[in-house]
Every structure is written in C-alpha cells, then in structure tokens.
Number of protein chains: 4
Amino acid sequence: MVNRGKSGKEIISETVSSRIKNPKLVRKKHLLIARKAAKLFKEKGYHRTTMRDISRATGMAMGNLYDYISKKEDILSLVFDAYHDYAQEYMDAKEPPASEDPREELRSFIRRSLNNVQDLRDLILFMYRESRLLPKENMDRAMAKELAQIRTLENIIRKGIDQGVFPDMDPFFAASMIFYQNIFLTLRGWTFAGKYTDEEVRALIEEYILRPFHI
Amino acid sequence: MVNRGKSGKEIISETVSSRIKNPKLVRKKHLLIARKAAKLFKEKGYHRTTMRDISRATGMAMGNLYDYISKKEDILSLVFDAYHDYAQEYMDAKEPPASEDPREELRSFIRRSLNNVQDLRDLILFMYRESRLLPKENMDRAMAKELAQIRTLENIIRKGIDQGVFPDMDPFFAASMIFYQNIFLTLRGWTFAGKYTDEEVRALIEEYILRPFHI
Amino acid sequence: MVNRGKSGKEIISETVSSRIKNPKLVRKKHLLIARKAAKLFKEKGYHRTTMRDISRATGMAMGNLYDYISKKEDILSLVFDAYHDYAQEYMDAKEPPASEDPREELRSFIRRSLNNVQDLRDLILFMYRESRLLPKENMDRAMAKELAQIRTLENIIRKGIDQGVFPDMDPFFAASMIFYQNIFLTLRGWTFAGKYTDEEVRALIEEYILRPFHI
Amino acid sequence: MVNRGKSGKEIISETVSSRIKNPKLVRKKHLLIARKAAKLFKEKGYHRTTMRDISRATGMAMGNLYDYISKKEDILSLVFDAYHDYAQEYMDAKEPPASEDPREELRSFIRRSLNNVQDLRDLILFMYRESRLLPKENMDRAMAKELAQIRTLENIIRKGIDQGVFPDMDPFFAASMIFYQNIFLTLRGWTFAGKYTDEEVRALIEEYILRPFHI
DNA sequence: GATGAATGAGTGTTCATTCAT
DNA sequence: CATGAATGAACACTCATTCAT
C-alpha cells in the first residue's frame, strides 16, 4: 500500500503536502487517514462524510488532521493513491512465473484481478463513483495506472493473436473490455445476490470473459 | 416520458408527492424540474447542485418549487423516474417486428441499446454515480426496470440456445453481462477518446458482445 | 448617508452585490448592516467582530445576512461607503453661500470639518485604523474622496494667495496639512482629555490651523 | 534598544514574563522576537500574523517561543516596548548641545523627529493602527512616553514665548500639534507619492510646522 | 398557486495554545 | 532549554428548507 520512491524509501502520496516535519510520521498518518476515510467514504460517500467524522474515526483532533493535509480533497487523493499502490502490489506480488502460453497468462491475469476486485469491492465502487471529484493531477495519475493495466492485458492478447491461439481482434479494445468486465461485478453485483455464490460468480465471469478467445 | 398507471392515467412519479391539487400542472412541472435538474446534475453532480440553481434553471421561485416536491432528494427520484420512463419508451418505440432469428433479435436489441446509451451518455453516467443517494423505494424500482430489460435479453438468449444457434451457457448471466457491456462506453469513454470514433466504438462493442454467441 | 445615482435614485454601495431582488430592501438592509457593524467595529475592531456578532446586532439570521453581502469584507466596504456618503452630505448641506473672502471660506471649511470629525470621532478613528483591510477598489474610492476634499481646500488657499491675503506657500501641501490637522484630535484626542473641553479643543485647533495664514 | 531599569540593569520588558531563568537569554530572545515580529506585523498586520509565522521567522520552535512569552499579545507589547526604547535612544543620541536659541532648538527637535519618523515609517504606522490591541498597562506606558516627548517640546516653546521670540500661544497645545504633524507623513504618505521626494516632504513639513512661530 | 426573503444548523478550515519527549 | 506534534474552540460561509405576503 505504499510507493517505492527512487531511493527505495516508502512514500505515500507525493502530492499531498503536510506541515509535519517527520516523514515517517507523515506516512503513518496518511495511511491511517486513508484507511479510516476510505471506510467512511464507502459507507456514506465523500460529500456526506464530514471532516469531523474523519477526525473522530482517526482519533486525530481537527487541527492535527489539517497538519497532514491542506484540504478535504487531499484525503480523497490519499485514498486513491493508497488504493493504487495497493493494487499495484497485489498484482505484482501474485504475478506467476510468466507462462509461455498466452491463454494461461490471460486466465491468470483475470483471476488475480477478479480476486482483487472482490476483496476491494466497496472501495472500487466508491472510486468509480467519486473519481470525478479528484483534482486533475490525481485523476490523470489514476487514469495512467488504469491504462498501464490495460496495456499489460493488450500485450498478452497481441501475443496470443500472433501465436494464432486467439482469433483476430483489436487487442487494445479487447483488453479494455476485459478490464471493465472485471469490475462489472463491483458495479452490479446485486443482480446476482442470492442467485450465485461469490465463487460461482467469479467462475462464470472468468469463463464468459475467455469465451471470445476460443478459436 | 411518463408512466401509464394501472388506471391508464399518466403519472410521472408515484413517490414524489406535491402540495398542488391540479394533477396536470403537477405532471408538467415535475417534468420541467426533472429536465432542468438532470442537466445541472450531469454537469455538477447532485451535491454541488443547489436548490437555488434548480430554482433559477426552472424559473420557479424557491417556495413554488417546494410546492411540487418536499425535499431535494425528490428531485433525484424525479430525474431517475423520467429517465426510466424515457428509456422504456425508447426501447418500445424502436422495437422491430419480432424476428424469428434469435441472432438477429439479439443484435437488434444490442444496437438499440447502444444507441440509447450513446444518446444519454451523461445522464446514465450520472445515474450510475449517484444512484446510491436514491431513497430505497426508488432504488428498488430502478433495479426492477433494469431486471426487466435483462429478462428480455435472457429470453432471447434462451431461445437461441434451445434452437441450437447459440452455444450452451447460463442465459441469465450472459444477459447480465451483455446489458452492462452496453454501458461500458459510458463509464470508460475516455479510454477511447481520439482512438476511435463513436461509430467505431459502437461497432466494436457490438461485435465483441456477439462473439461468444458464435458456435 | 446615501449616494445619489445618475437617475436621482438613492443608491448605497454599487460595489457590494446582493442576492436579494428588491433594491429598496437592499438599500435599507445595507444601511442597517453598515450602522450596526460600524458600532461593533468601533468597539472591537474589524477582526474581533464576528459575523455572528453582526447577525445578532442586526437581528438578521446568518444566512439572511449573506443574502445581502457575499463576504465579511463587504461589510467593511459598506461602512466606508456609508461614511463617505454621509460626510459628503454633511459638507454639502452646511456649505455656506460661497463667501468672497478666502479667509472666511477657509475658516468655514475648517469649522464644518471639525464638527463633522468630532461627531464621527470613533468611526473615523476606526477607518484610519482598518482602511488597509479594504479591497483595493474601495480603497481607491476612499482615497479619491479624501483627495477631492483636499482639492477644495487647495482652491481656497490658492485664491487667498492670489488675492494676497495669504502668504506665499505650496497650496496643495498646505491643504493636506490642514486636512490632517482636522483629523488629529481623533487620533490623539486623549492627550487633551480632562485638560480642555471639546469646545476649547475645536477653537484651539481652528486658531492653530489658521495661524500660518496670517500675513 | 533597551530600558535601563532603576538598578541600571538592562530590561527589555517589565510586563512580559518568561518561564526561562537566564535573564540574558530572555533579553536576547525577546529582542529577536520583537525584531522579527515587527517585520511581520508591518507587512501583514497583527491579526494576520500567526504564531507559526513568528516561530518560523525567529527560528524558534512553537513551544520554545511560549517559554519566553505567555500569549500572542505579549509579542505586541515586546514590539511596542522595543520601539519606544529605540526612539528614546534615537532622540537622546542625536541631541545637540542645548542651544540657547529656542527657535534653533525647536527646529533641531523637529528635524530629528522627522528623520526618525521617516526611518521607522512602517513601524509607526503599524503602531498607530494596532495600539488599541495593547493591554492597558502597555498602553499607559506608551502614552506616557509620548507625553514625555510632548513635554520636552512644550518647554522649548514656553521658553521661546518667554523670550519673546515666539508669539503668544498655548504651549502644551502647540507642542501636541507639532508632535502629531511630525507623524503626518507616515499616515498620509500616499498623498504625496510622485509629487514630492522624501527630502522635499521633510523640508515642507518643517517649514510648515515652524510657520506659526514667526512673529 | 406564486414569490422571494428569512432561518439556522452544519461545513471546512484556522490558529493560539499546550504537552509529551 | 528546545522541539514540534496535538488540541479544540472559534470562524466565515453555505444551503436545504420554511414562511409571510
């Protein structure tokens, strides 16, 4: 849930500047704030969550909170950054020894991604809902991260097409569709509530996504 | 853009009650409010749109506005209801003479749906973002309408499977996936900005969605 | 205490814009706010006077107050404008039939000015103290009004010099000195507290100011 | 820039008490604080200068700052005291061998005073603006210092009247007027901006002030 | 039915001051 | 003695809602 800066030191959010001098403390509190705020945001949305709520949840006094951020919007950035860092780590950590079979690679990517999505369901939902409130800089960053994931997928697909194991298709577009289908159950999971278990849903989506790739 | 109640009378909203007696007037104003508010909501989001904004946009005095609704939330309901009514009409109006070929039926449904989505892009985006703010009753209604559409799709698919023109699959699940893939370009339009035209995107989605249905 | 606009209609403050439509009401409330706020500002200074204080003093609810102004600073402008309008009227109203004798004209100007200053002592003191907080536009206006008064004085003095009844001197500079001497007892009246009555102070200043004009 | 107490020990402030034992250190830090705070106060005013600003400017940690003062107001006192001490020194240091000619003595006093005022222009302006914020005790002390200077002037004038070189007048009143005319250019410097150089202004004021003393 | 002024609780944010180390 | 993080009351300002006409 942290960036690794050039020097190898852990950094969370280069954009949110704090008045506090001790960088270790800043990182720690930024993480605390992001964690607690994320919970509140998920439950009540950004606008309905007050700074007082966040103060209470973090156990930090109002003024102290503002020692670590300079506006409420910063907390939004903190939450997004923390998620992206975490998601990156999640995908990196579970990366299997790169298979030579594109079909296997694709399945592996989807499976990891679906697990991640299911774990962070509410957070992702929140992010999709309120990303427009992000300051442009963070928005751009978020979009770049998403694009990077899509590019990874695109490469896998392109390789599959080249090797003749996938049918011919627009690889970037297909990658985008897959990426979005991954998120699908987050946005509309309720459709399946009661009908299928989480396990089943994951399996169904995986199968459905892979279907167009059978020759 | 109106419901037909059981009695055949036009109703725009069963949930939003107004102090005004004249039902024709109520309907007219509710529509006016929904239309103007939708525009504002799309642009600035629900929370950032003030009652004063809506008063100004509709040309109705604050007090008069509150003669037709009782809380701001009501306007959200009005907007959602108006959309659903409109979408229903849209799909109904363009419904072709039911083809006997499930493949054609499916393609036709998707095409109409994609057009609808592209026309109302911003509104749909807004609704996905702020639906959680809806009072439960409206939320349930919105979900029911979505489910109805999915059921229509499900039937087409089931027929195709039965006739052996579609491969075997879970028809409800497939219908759900299709339905949300339709919405895909709304949520992630920016991914394609500059890469493809709207036409191309529609064609690509259509093709991609239909791919799993080739035997 | 009001401006006369081009049309002859009374206007108070063209700079402070309000959300209220009825201009009569706006004028009335602006005046009320200026009057009550001036009192508070004089007593506690601008910064120590809170919007709640002003709300309480005017009997207007916080929100209503903000219907007539858009920021606290506006109230400062209101106070300054009201004073300047009043001072203008004061000087105009008591303007005697322009005497032909510059000496008499000068004495009359000084006397009126001193009376005005003594009446509005605390207000003027406040204004000299906090004028730097004014938005530039108002500041410029205030300076222009002051300059206009100095110019009037300058003209009287120049006439006197031309007629040979005043000794040779820089008329603009002398006018400035006189103007400031008028205000003097506002800023440092306490020096005389207990020593002289207000009457006596006025007479002493008048005499002192006029002294350099004896040949 | 320090007082000499009765015992001959240097004291910078009798009113501002510090928690620190070492009196040398206290004096040093009080002076540092007064110097840095004065700069900030002149630029931004008392209220807009935060304790953080002062901490930063002095290089003292917040808590350490509060070891030497007990409230923000104390810093105001420190600034005023430092100024008065400095002004006293300024006048004392440049005091010429007391001339026997009251006219010369008067001119000398005014000249020194005008130089002082021009040097400390911004500081004096600040003090006039914010003196009301001083605790009563300091206010009284400041007034006493002013009065002392006025008394000095009064004596010169009285001597001149007695010797028949000045026309008859109320010597205390005249002394007061002179004293405040000195300050004039501080308060209304902008009136002359571009019209006269600083040199010219000083000469004009000097001449103007002395005018009533010609027989 | 319509108008628009009035209400006041609630929001984000600041900042003098304290306190643990 | 020094450091700087922590405290929380107070502030300016907003806005959904009501009410008098």
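Chain letters run A, B, ... following the sequence lines, proteins first, then strands; residues in each count from 1. This one's a predicted model, so the numbers in the text were calculated from it and none came from an experiment.
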key: Atom pair NZ (C:K29) and CZ (C:R35), whose distance is rounded to the nearest 0.5 Å   = 11.0 Å
Can you tell me the distance, in whole Å, between the [atom1] atom of [X] and the [atom2] atom of [N]?
X: D:I54; N: E:dC15; atom1: CD1; atom2: P; answer: 12 Å
X: C:M62; N: F:dC15; atom1: CE; atom2: P; answer: 14 Å
X: B:L32; N: E:dG1; atom1: CG; atom2: C1'; answer: 15 Å
X: A:H30; N: F:dA5; atom1: NE2; atom2: P; answer: 12 Å
X: B:R56; N: E:dG4; atom1: CZ; atom2: P; answer: 13 Å
X: C:K44; N: F:dA10; atom1: NZ; atom2: C1'; answer: 12 Å
X: D:I75; N: E:dT17; atom1: CD1; atom2: C1'; answer: 12 Å

ask   = Any luck finding a side-chain donor-acceptor pair between D:S77 and D:D81 under 3.5 Å?
value = no
query = Is a donor on one side and an acceptor on the other found under 3.5 Å between the side chain of B:Y46 and the backbone of B:E73?
reply = yes
task = Could you tell me whether the side chain of C:K72 and the main chain of C:T49 form a donor-acceptor pair under 3.5 Å?
result = yes
Can a side chain N or O of [X] be found less than 4.0 Å away from OP1 or OP2 on [N]?
X: C:Y68; N: E:dA6; answer: yes
X: D:N22; N: F:dC1; answer: yes
X: D:Y66; N: E:dT17; answer: yes
X: C:K29; N: E:dA6; answer: yes

Check every atom of [options] against the side chain of [X] and return the nucleotide holding the closest atom.
X: A:T50; options: E:dA16, F:dA5, E:dG12; value: E:dG12
X: A:K21; options: F:dG4, E:dA5, E:dA9; value: F:dG4
X: A:L25; options: F:dA5, E:dA2, F:dA2; value: F:dA5
X: D:D67; options: F:dG8, F:dA2, F:dA5; value: F:dA2
X: C:I20; options: E:dT14, E:dA5, F:dC1; value: E:dA5
X: D:R52; options: E:dT13, E:dC15, E:dA5; value: E:dC15
X: B:K71; options: F:dA6, F:dT17, E:dT17; value: F:dT17

remark   = 5'-most contact on DNA chain F (nearest-nucleotide basis), B:H47 vs C:K72, goes to C:K72
Exceeds 12 heavy-atom contacts within 6.0 angstrom, atom CZ of D:R48 = no
message = Could you check whether any side-chain heavy atom of D:V79 comes within less than 4.5 Å of a side-chain heavy atom of D:E130, counting everything from C-beta outward?
response = no
note = By nearest-nucleotide position on DNA chain E, the 5'-leaning member of A:Y46 and A:R19 is A:Y46
query = When you match A:G63 and B:L65 each to their closest nucleotide on DNA chain E, which lands nearer the 5' end?
reply = B:L65
request  = Just say parallel, tilted or perpendicular for the rings of A:H30 and A:Y68, cut-offs at 30° and 60°.
outcome  = perpendicular
ask   = Given Watson-Crick or G-U pairs with both distances under 3.5 Å, what dot-bracket string fits DNA chain F, with | for other-strand pairs and [ ] for crossing?
value = .||||||||||||||||||||
message = One thing to verify: whether D:R141 and D:E137 come together as a salt bridge, which I'm taking to mean a side-chain N less than 4.0 angstrom from a carboxylate O.
response = no
inquiry  = Using a heavy-atom cut-off of 4.0 Å across all strands, would you classify D:S18 as base, sugar-phosphate, or nothing?
reply    = nothing
query = Heavy atoms under 4.0 Å, any strand shown: does D:M51 hit a base, just sugar-phosphate, or nothing?
reply = base
